[in-house]
Structures are given as structure tokens and as C-alpha cells.
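What follows is a short report on a single structure.
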Amino acid sequence: MTRFLAIGECMLELTHRTEHDLRLSVAGDTYNTAVYLARSTMLQEVGVDYLTLLGDDHYSDLVLETMRGEGVGTHLVGRVAGAQPGLYLVRTDDEGERSFTYYRSRSPARGLFGAGHDLADGLGGHDVLYLSAVTLQLLTDKARRRLWELLARAREQGARVVFDSNYRPAGWPDREAAREAVSTAYGLTDTALSTFDDERALFGDDSPEAAARRLRGQGPREVVVKDGARGCVVLVEEEIGSEPVHVPAEVVDEVVDTTAAGDSFNAGYLAARLRGEGPVESARRAHALAARVVARRGAVVQDPELPPRGARP
């Protein structure tokens, strides 16, 4: 069994159904990927765990209960006395594009890898470590340096690091700080699951292919650059050659909500790769999963063909 660990923040999500009617659920970029990976694999294939910090209130209990119902391991979820989880609200326009309002400045996850909340031992024994730039923006500079040490040590011990750029400008003091942190992460990454818009905003790439070539030069042996409805490009020299290969997206009749499009793509890609499928076929499966997700509302959707791992017979 492959042991997969996602690192980041899991929040309360309030999604507008109408102007005054909202639906409460649990979400967060790396958490979304962990959930969809669990739903797309069997327990005997992939054990999915999550590492974060929560509070000790009712809503933190709800987050934990929801994780467990999805078959996501919670033994690496720390609790902080007197704290509450972060919260965000989602609005979607007529094309399914979303906008977010965050209330997370005092989220306990901001203490990850800090004094009293290192959880360093949790990285040991996992085969795949997954994080994003959203994970990085939570951390203090000192905690980020601690994370670099832990990732480097885990790689020396045989673990693979998977990183999603997922650049959100509002979470950084400035673009340069984000560039520096993301660049360092790529230097410790084996598989990059990036997004062209993020790479263009941070590094000025003029095409997904250019972004893939640059990323390959920064260290990752396996590179995927997502490009929304245009599909993605994949670059894995050992398997498909030295040039990026374009893989078109699936056509979606109606895009309802793009909130977790990239997160679900990442899960679909990783699930296929962990089963031994090639990178191009894995990208096709990733597009298929993302197409199901964007056709429904919310980050973690209700889909009878994609039930929670905990709900399977």
C-alpha cells in the first residue's frame, strides 16, 4: 500500500445557493485532493492521511468527522486549545467561475511546523508528500525553513514530493516572496502539478509548454501544467520524451462551479499514476474526474459514482 500524506489547511466552506442561503461543507485545496484521491482508490492501494492543525471547538470536531467519513486519516491532525478553523465563502457567476472571501487570519493551521506544532514525525513513513503554495503561505519564514528540512530528509529516505503551485496573491506579502517560496519548493519536488495562470503570474511564462520546460529545469522529473478548458501539457522525459505533450480537456456541457477543478485533476492524475498508468493516460483520467467535479456545486461534490471512501460497502 502506498502511504500518501497531504499537508495544509482544511476550512469551513460556505457556498452561496442564493443571496441569503448558504451551504456548509469542509474544504481546502490540499484537503480536496486528499478526498478525491481517497474516493478514486481503494484503501488497500493507497492510504490517505492529512496533516494540519485545528481548534477544539464544535466546528473543528465537524471537520474531523468529515475527514474520517471520507476515509482520510486524521492521526496527524493536531488540536489547538481555544482556536477555530478558518472559514471562506464562495460565490459563482453564470460561467461557473468563483470568487472567495476568506476569514482565516487566526486559523490554527498557521502554526504548522512552529514551536509546539512541528508534527515532524508525521512525514516519516509516507511514500508521497503533497503540498501547495497555499500550504506555504500559511507558514512563517522559520516554519517554512523547517518544512524545507523535513522535505529534503523525507526525499533522502525515499519519499516523493508532489507540489501544486496554486498561487493566491492575497495570501502573500508580495509577488517576490511567493516566487522565492515556490521556487524553493520546486527544487524539492519530484512531481509538479502546476497551473499555467499561476506560472505566468509568478514567472512570466508565455505558454504552458514554456512553463513545463522551465519547471523541468528547476528539478521536478515529472511536470504537468494545467491550462483550464484547454487541457494540460505533460513532460516526463523518461516515459514520453523531451518535449511537452498536450492532453485536451474533456468537454463539459455545463460548468457549474470550478472551485476544485485543479484539486480534483491532481487527485485523478495521482490515482492513475499510483496504479502504474502512464502520464498521458493519467492526465486523461484526471480531466475526466475534473469534468465531473466542475459540473456540480462545491469543492467536494456529491456524486453517486464517486462516493466517499467511508461510505463504500
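- Counting all heavy atoms, side chain and backbone alike, A290 lies closest to S264 at CA-OG, 3.5 Å.
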Next on the checklist: Using side-chain contact (heavy atoms from CB on, under 4.5 Å), reason through E13 and N32 one step at a time and then give a plain yes or no.
Outcome noted: CA-CA 12 Å; E13 177 190 71; N32 302 338; over 6 Å; no

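- Heavy atoms only, all atoms of each residue included: R273 and S282 are closest at CD-OG, 3.3 Å.
- No donor-acceptor pair under 3.5 Å is formed between the side chain of E199 and the backbone N or O of D197.
- No donor-acceptor contact under 3.5 angstrom links the side chains of N166 and S132, judged on distance only.
- The stretch residues 76-89 participates, sequence neighbours left out, in these salt bridge (charged side-chain N to carboxylate O under 4.0 Å, His left out) pairs: D61-R79.
- No side-chain heavy atom of L87 sits less than 4.5 Å from a side-chain heavy atom of Y59.
- The ring pair (Phe, Tyr, Trp, His ring centres under 6.0 Å) search around Y50 returns Y31, not counting sequence neighbours.
- In this structure, the side chain of T135 engages the main chain of I7 through a donor-acceptor pair within 3.5 Å.
- Two residues are said to be in side-chain contact when any heavy atoms from C-beta on lie closer than 4.5 Å; R3 and D49 meet this criterion.
- By the rule that hydrophobic residues join a cluster once side-chain heavy atoms approach within less than 4.5 Å of another member, V161 and V134 end up as members of separate clusters.
- Of the charged side-chain nitrogens involved, none lies within less than 4.0 Å of a carboxylate oxygen, so that R153 and E156 do not count as a salt-bridged pair.
- Considering only heavy atoms from C-beta on, V35 stays 4.5 Å or farther from D263 through its side chain.
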Next on the checklist: Test salt bridge (charged side-chain N to carboxylate O under 4.0 Å, His left out) on E243 and R213; report intermediate values, then the result.
Outcome noted: CA-CA 8 Å; E243 286 300 312; R213 294 186 190 98; 2.8 Å; yes

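- When only modelled atom types and interatomic distance are considered, R68 and T74 share a side-chain donor-acceptor pair under 3.5 Å.
- At a threshold of 4.5 Å between non-hydrogen side-chain atoms, the residues V225 and P244 do not count as touching.
- The other residues sharing a hydrophobic cluster with V90 are M11, Y88, F100, Y102, where clustering joins ILVMFWY side chains under 4.5 Å apart.
- When side chains are defined from C-beta on, T140 does not count as touching F113, because their heavy atoms never get closer than 4.5 Å.
- A81 approaches D56 most closely through the heavy-atom pair CA-OD2, 3.4 Å.
- To the nearest 0.5 angstrom, Y167 atom OH is 13.5 Å from R200 atom CZ.
- Other residues, nucleotides and ligands contribute over 12 non-hydrogen atoms within 6.0 Å of the CZ atom of R216.
- With sequence neighbours left out, R296 forms a salt bridge (charged side-chain N to carboxylate O under 4.0 Å, His left out) with D303.
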Item to check | Derivation and outcome, side-chain contact (heavy atoms from CB on, under 4.5 Å), residues W172 and L136 | outcome: CA-CA 10 Å; W172 294 94; L136 303 182; 3.8 Å; yes

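- In plain terms, the two heavy atoms of G241 and L235 that are nearest each other are O-CD1, 3.7 Å.
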Next on the checklist: Using the rule given for side-chain contact (heavy atoms from CB on, under 4.5 Å), can you reason through T30 versus T52, listing the C-alpha separation, both sets of side-chain angles and the distance that settles it, and then say yes or no?
Outcome noted: CA-CA 10 Å; T30 57; T52 193; over 6 Å; no

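- For the salt bridge (charged side-chain N to carboxylate O under 4.0 Å, His left out) condition, the pairs that include at least one residue of residues 100-113, sequence neighbours left out, are E9-R104.
- In this structure, T18 contributes its side chain and D21 its backbone to a donor-acceptor pair below 3.5 Å.
- Screening residues 160-173 for salt bridge (charged side-chain N to carboxylate O under 4.0 Å, His left out) gives D164-K226 as the qualifying pairs, with residues at least two apart or on separate chains.
- Among residues two or more places apart in sequence or in another chain, the salt bridge (charged side-chain N to carboxylate O under 4.0 Å, His left out) test is passed with E250 by none.
- Among residues two or more places apart in sequence or in another chain, the salt bridge (charged side-chain N to carboxylate O under 4.0 Å, His left out) test is passed with E19 by R91.
- Linking ILVMFWY residues whenever their side-chain heavy atoms come closer than 4.5 Å, directly or via other members, leaves L129 and M1 in distinct clusters.
- For I240 against V234, the heavy-atom pair with the smallest separation is CD1-O, 3.5 Å.
- Two residues are said to be in side-chain contact when any heavy atoms from C-beta on lie closer than 4.5 Å; V300 and E70 meet this criterion.
- In this structure, L306 and L289 have side chains that are in contact, with non-hydrogen atoms separated by less than 4.5 Å.
- F265 meets the ring pair (Phe, Tyr, Trp, His ring centres under 6.0 Å) test with H287; sequence neighbours excluded.
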Item to check | Steps toward side-chain contact (heavy atoms from CB on, under 4.5 Å) verdict (V26, M67) | outcome: CA-CA 9 Å; V26 172; M67 285 185 182; 5.6 Å; no

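- The number of heavy atoms from other shown groups lying within 6.0 Å of CD (E65) does not exceed 12.
- Take E180 and apply the salt bridge (charged side-chain N to carboxylate O under 4.0 Å, His left out) test, not counting sequence neighbours, and it matches no residue.
- Between F163 and Y186, the ring-plane angle classifies as perpendicular under the 30° and 60° cut-offs.
- The list of salt bridge (charged side-chain N to carboxylate O under 4.0 Å, His left out) pairs with a residue in residues 277-289, not counting sequence neighbours, reads R275-E277, E277-R285, E281-R284, E281-R285.
- Taking 4.5 Å as the limit, every side-chain heavy atom of T191 sits out of range of all side-chain heavy atoms of V128.
- When atom types are taken as modelled, the side chain of T195 and the backbone of D198 share no donor-acceptor pair closer than 3.5 angstrom.
- Sorted pairs that involve residues 212-259 and meet ring pair (Phe, Tyr, Trp, His ring centres under 6.0 Å), not counting sequence neighbours, are lacking altogether.
- Here the closest heavy-atom approach between residue L202 and residue A178 is recorded as CD2-CB, 3.8 Å.
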